[in-house]
Structures are given as structure tokens and as C-alpha cells.
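Labels below follow one simple rule: chain letters A, B, ... track the order of the sequence lines, proteins then strands, and each chain is numbered from 1.
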Amino acid sequence: MSGHVHKDYIGAKFGMWLFLFTEVLLFGGLFILYAVYLARYPQEFISAGGELDVRFGGGNTLVLLTSSLFVAISITALRREKVRLAMGLLGATIGCAALFMINKYFEWTAKFSHGIYPGSEHFAAMKPGEVVFFNIYYLTTGLHGIHVVIGAIILAWTMCLIRSGRVNAKDWVILENAGLYWHLVDLIWIFIFPLYYLVLH
Amino acid sequence: MSEASIPASAGRGFFGEAPYRGIFGWIFSTDHKRIGLLYFWSIVTFFIVGVALGVLIRLELFAPGETIMGAQTYNAVFTLHGVIMIFLFIIPGIPAAFGNLIMPIQIGARDVAFPKLNLFSWWLYMTGACMALLSLFTGGGPPDTGWTFYVPFSAQTSTNVSLAALAVFVLGFSSILTGLNFVTTIHRLRTDGMTWTRIPLFTWTLYATAWIQILATPVIGITVALLFAERVLGTGLFDPTQGGDPIMFQHLFWIYSHPAVYIMVLPGMGVVSDIVAVFARKPAFGYKAMVVSSLAIAFAGSLVWAHHMYTSGISDLAVMVFSFLTFIVAIPSAIKVFNWLATLYQGSILLDPPLLFALSFILLFTIGGLSGLVLGSAATDVHVHDTYFVVGHFHFVMFGGTGMAFFAAMHYWLPKIYGRMYDKTVATVSWVIIFVGFCILYIAMKVVGIQGMPRRYYDYIPEFTGLNQLATFGSWILTLGLILMFVNIFRGLFYGEPVGNNPWGGASLEWQIPSPPPTENFGDEDPVVTHGPYDFKKAGIL
């Protein structure tokens, strides 16, 4: 290969935005199912949704919103050559991701201990609409949880690139794209939180 | 892909500049032409496997009752034929192979916007393909659901649907990444003077296609992921005993899979647009109408998915709305057909093999499209739903359309890429054989479908024997023609006469550079475009 190096920041961000569209559409399928089944089983959705604990959901919302703030500040910090601050903020973001997952672990464990999981006897005894609600709840928040983990891995990888100097104050588009991805993870939660934890109460 | 067969004296272009030794120079190369050829050879291999399976289906249907295989094997064979042809041949066929080979050159770029991502897409494609093939020999045996994976059967069958569903997810991811790569490339990497109205129509259709790939493919991703979860985790979102609705699977499946039909056919339309203009030596008639109709097909095609579901129990109102929307798609499609004919009108036509394949696209696609109206209209669809009429219809548009366009693209662009020409007389003969075999095979299918033969059964009543045997005869003729065509073109690519830069007299950028093209396509200076892609006078062709 020749030494022709092509750098196109607008193109790189453009590509990232297109990818984010595809993520929105991926979750879109689940939101469509939510809408259809909510219309079909409004009573069951309310009775099942009432069992979700708004403190878990609300706590995780705060955690994710804070983490998005950290990422946004870290980009500005890196551009102003405050590399240590940027690294610290990214570390804090990954910490928030861990906090989110720990919170989720306790939330799901509590549900499981009440016998609310696919295949359990308690599950089989519930009304079909309630079963649908918990199935879609597990799948949506589970898929979102996977995205939180992926996002944290991407941020950790970006930290490695900053440490090695490949991402720096002059060349920071990878950090910005990683940040965009993290904001998307946050944004999807902003839709999940009210749909599952608030409107059904 | 043997490089040794291209002598240094012929100017080996990008063949002579491998980044690594041997096979690694291909599978780790980020050059769009090398990736395009990786796709091309992978796709052709899978196509040949798919044809072999298709011939097996026809052999089984040669006589009523069990002919060469039992019912379960037959289910697996037609499922595999569908999965391979749809996900491994038609969807990636023209965009991933010829899009990668030609599109960056047509817009004056040195590569796509994200070359490493492009290579990653091919690796994902091969991973998905291997998973699909692995599903045949592992788990509970080859999937027997048909390529549509409809629940509840797909959620209950003991065959290895789980792995096949994951394979579709991975293949979809590959398709998404190619799509976003192409959209970004076309937006960002056009050279000086390559305005939006100077982009060749092939690249325009790739642009429209890429948007569908980006916007529709994630939906099938989540659909097959949910099917996987239903089988593995027991989260029955489509299971009525858990309150789910199987119809929702069909909706989500077709929200992707109908637009996917336009992923399949739009690039073929682009190939035909380019070829018709070049071989008629006239500017493409109605260039802007062609561009708008491509985008209109992409848009309207996203709103018609439920026309696959008229008999599934959706409401009458929904049936009428989707039937109406389906008819709207016919308008931009017809604009294209009329514009191709208008381009040919009073042109100085060169009847070379690429144009012959392009002309058969126009004819067969039109027949297939018109039979689609029979299916789009709800009243008639109810009678022919799930019959061989449907099978005949989609083979006319997919094989007669996209397949022919793929062959046209092979005969049009591969001499450019390899720098050598095949035997045109043999190519013409093979085209005649393919065309005759095609018509016998699929017209017989349509007729037997009108008579009421249902699809997807390995057996049929004796009254259908004659037409089924006729179709099987046709499949033999078609296969013979395909063998002749492939042998001729591949022999030509490696041993044929060297061609110059511009064997067909094209005016777009790919014909202005050497054959085979050098690694970064253009020398030290980027090209500057001063005229449209079909301005043969200014390009000095006429």
C-alpha cells in the first residue's frame, strides 16, 4: 500500500451517525412490539409494570446521564490538551457503566428470586399479557445492557489509543465517535426508562 | 484469482501490488478492487452451490411421489436453496462485488471511505456464510423452515434454526456496514467536478440501495435475534401461549425483507442503465427521472411489506392500503423500463454480450413485474397465494432481473478488471441457451401455479406432471447455458486477448484508466470531471 493517508473527519462522523441510525432501528423493532402489545394488553401491562422498581430505573437513569456528561467533557478536555483529565473522565464513565450493570444485576436478581423469568412455574401461572410484558422487558433491557458493555469496551479501547498517543488533541475523531456511541446508549435508555418504569404506574 | 496467469507485460495493475504474500495479499487487503474480487468469487461459488440445489429440487419434482429424496430432505434442500440464493448471492451480488469493484472508480475515488471496515464486511460475510453452512451438519440437522423462518414452526422445529438465524444476523451486519460505507463514500469522496448529476446511474442505484441496507436491515437483525431468544431462552414474544403474536414476526420479517427485494433489484437496474446507454451510444434518456425513480423505489418499497401477508389474517383495511401502496411501486419501475427503451430508440446499437444480458433483464423483469401486479392485487392474490405462480414470479424478477444483470455486469466490467476479453461468440451462444432454458423453466412454473400447484411440497397430483417435467427440462437447458457462460468468461479472463482501456466505448471514469486498474485507480493526480457519464461526444467516443 502506498503512503497516501486519507483523513476525513466529517466522513468518519457521518459514517458513525449512519451506524447510530441502524442501532435506533434495531431497538425500534422492540419498541414496535411494545406498542402493539401495550395496545392489546393495557391492563396486564399496568399490573406487570407496577412490579418494576422505579428506584432501580431512576438510579440507572441518573448514572447514565452523568456518564454522558463525563464523556462530553472528556472530549473538550482532550482538545485542550488536558490528557490526564480526559483519561480520568473516561475512566469515570466506564465506572458509571459498571455501576449501571451492578444495579441491573441486583434488579434482575430480585425479579428472578420472585420467580419472574421465562420457564419458571410462577411465570407460567401469570396472565399472557403479563408474560409478554416481562419477556419484552427482559429482552429490551438485556439488549440495552449488552450495548452498555460494548460501549464501555469501546471507551476502554479509546483510552488505550489516547495513552499511546494515536488519539490526541489534533486527532480526536475516534474519541468523538466513541462518545457518540455512548450518548446513543444513554438515549435509548431515556426511552426505555419512562416506557417501562413510569407510564405504567 | 491466480495472479500468475496475468503476464507482467500486460500491465498487471493492482494484481501486481499485493500488500502481503500469497492468499494473505487478498484476505487482508483493504483495496476495494481486491475486496470486490473476494466478494465476486465467494458469491459465484455460493451461486453455483445454489444452482446445484435448485437442480436437485427440479429433479425431485420430475415425477409425482418420491423421486430422488424424501419429504424432510426436500424441505432442507429448498430452504438451503433459498437461504443461499437470497442471503449469499442476490443481496450481496451486485452491490458488494461490482459495487466495490466499480463504484469508487466511477466517482473518481481512490478507495471507499472506510477501507478497513470494507474488509471487515467481507470477513463478516464469510463468517455468516460458514455459520449457515455449519447449521446443516450440527444441532438437529439442516433447517427445514424455508428461507422466511416463519414462527411458530421455526420456533418449534428441532432442526438447527438457531444457528441459521444467527448466520442471518451476521450477514445482515455485513450488509449494513457495506451500505454505510457506500453512502459515506458517495457523499464524501467524489472527485472535483463529479457533481450529483454527473454520477453514473449505476452508482446512483447503489446509493439508493445502500440507504435501504442501512434503514431496513437492523429490523431483520432484531427479528432473527428474537427468534433466537425464543428458541434458546424461551422468551416467547411470538408465542401465543405466552401472549405473543406470530403475525408480528411476519410484519417485522417483511419490514426488512420486502425492502430487501429492492436491495436485490435496484443495483441490477443501475447496471442495465449504464450498459444500455453505452451500447446505444446515447446519453441515458431521462437521467434525472432515473435518479428520482431509484430513490422513489427505495422509499415506496419500504411501505409495502404487508402485501406478503394478505392471507395471514390482517384486517381488510390493511390489505387495501398495502395493495394500493404496492401498485405505487410499479410507477417508478415503469419509468425505468420506458427510459431504457427510449435510450435504445434511434441509438447506434452494438449487440455485444453485455447488452444482450441487459436486454433480457428488461424483458424478463417486465414480465415478472407485471405478474407481480397479479399478486399485488388482493383479490387475485388470494387465489395464487403460495402457489408456483409466486415461485415463477419471483424467479422472473430475481433471476431474470438481478441474475441477468449480474451476468451483464460480469460481461461488461470483468474485462476491465482483469484486462482480458472472453470469446464474444460463445458468450452470445450461452446467452441464447440461458434465455431459452429460463423461459421454459419459469413459464412452466407460472402456468402450473395458475392451475393450483402449491409451493414447498415434494409431491403433487398426477395432473401437474407434464408441466413439471417441462420445467425440469428447462432447468437442464438453463444449467447447460450457465456452465458454458461461466467457463467461457473465466477462461477469457485468464487467457483471453488483452483489452485496451475502453473496450466498449464508455464515457464514465472507469474506462479512462488502464485495464487492470492500478492500486489507487488514478495516478498522482485525482481526475477532474468535466462532463456527464454518458456524454460520448465530449468523452471523444463519438
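Inspection of non-hydrogen atoms places A/L25, A/L26, A/G29, A/L30, A/I32 of residues 23-32 of chain A under 4.5 Å from chain B. Residues of residues 100-130 of chain A lying under 4.5 angstrom from chain B, judged on non-hydrogen atoms, are A/P118, A/F123, A/P128 by number.
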Self-check item: Evaluation steps, side-chain contact (heavy atoms from CB on, under 4.5 Å), between A/F134 and B/T235
Solution: CA-CA 9 Å; A/F134 281 112; B/T235 51; over 6 Å; no

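The number of heavy atoms from other shown groups lying within 6.0 Å of CZ (B/F24) does not exceed 12. Within a 6.0 Å radius of OH in B/Y150, other residues, nucleotides and ligands contribute more than 12 heavy atoms. More than 12 non-hydrogen atoms from other residues, nucleotides or ligands lie less than 6.0 angstrom from CH2 of B/W196. The number of heavy atoms from other shown groups lying within 6.0 Å of CD1 (A/I10) does not exceed 12. Other residues, nucleotides and ligands contribute only 12 or fewer heavy atoms inside 6.0 Å of the CZ atom of B/F120.
Between the CH2 atom of A/W17 and the OG1 atom of B/T184 there is a distance of 13.5 Å, given to the nearest 0.5 Å. Here the CD1 atom belonging to B/I176 is positioned 7.5 Å from the CZ atom belonging to A/F19, to the nearest 0.5 angstrom. Between the OG1 atom of A/T22 and the CD atom of B/Q213 there is a distance of 12.0 Å, given to the nearest 0.5 Å. Annotation: the span from A/N135 atom CG to B/L226 atom CG amounts to 10.0 Å, rounded to 0.5 Å. With rounding to the nearest 0.5 Å, the separation of CZ in B/R188 from CZ in A/F14 is 8.5 Å.
Between B/D245 and A/Y37, the closest side-chain pair of non-hydrogen atoms falls below 4.5 Å. Proximity of A/L18 to B/W211: side-chain heavy atoms (C-beta onward) are separated by under 4.5 Å at one or more points. A heavy-atom distance below 4.5 Å is found between the side chains of A/L33 and B/F238.
Residue contact with chain B, scored on non-hydrogen atoms closer than 4.5 Å, involves the backbone and the side chain of A/I136 alike. Residue contact with chain A, scored on non-hydrogen atoms closer than 4.5 Å, involves the backbone and the side chain of B/L215 alike. For B/F173, the part lying under 4.5 angstrom from a heavy atom of chain A is the side chain only. At a 4.5 Å heavy-atom cutoff, the contact between B/L180 and chain A is made by backbone and side-chain atoms alike. Heavy atoms of B/L117 lying under 4.5 Å from chain A are absent altogether. Looking at A/Y138, neither its backbone nor its side chain comes within 4.5 Å of chain B, counting heavy atoms on both sides.
Smallest separation of non-hydrogen atoms from A/V131 and B/Q242: CG1-OE1, 3.5 Å.
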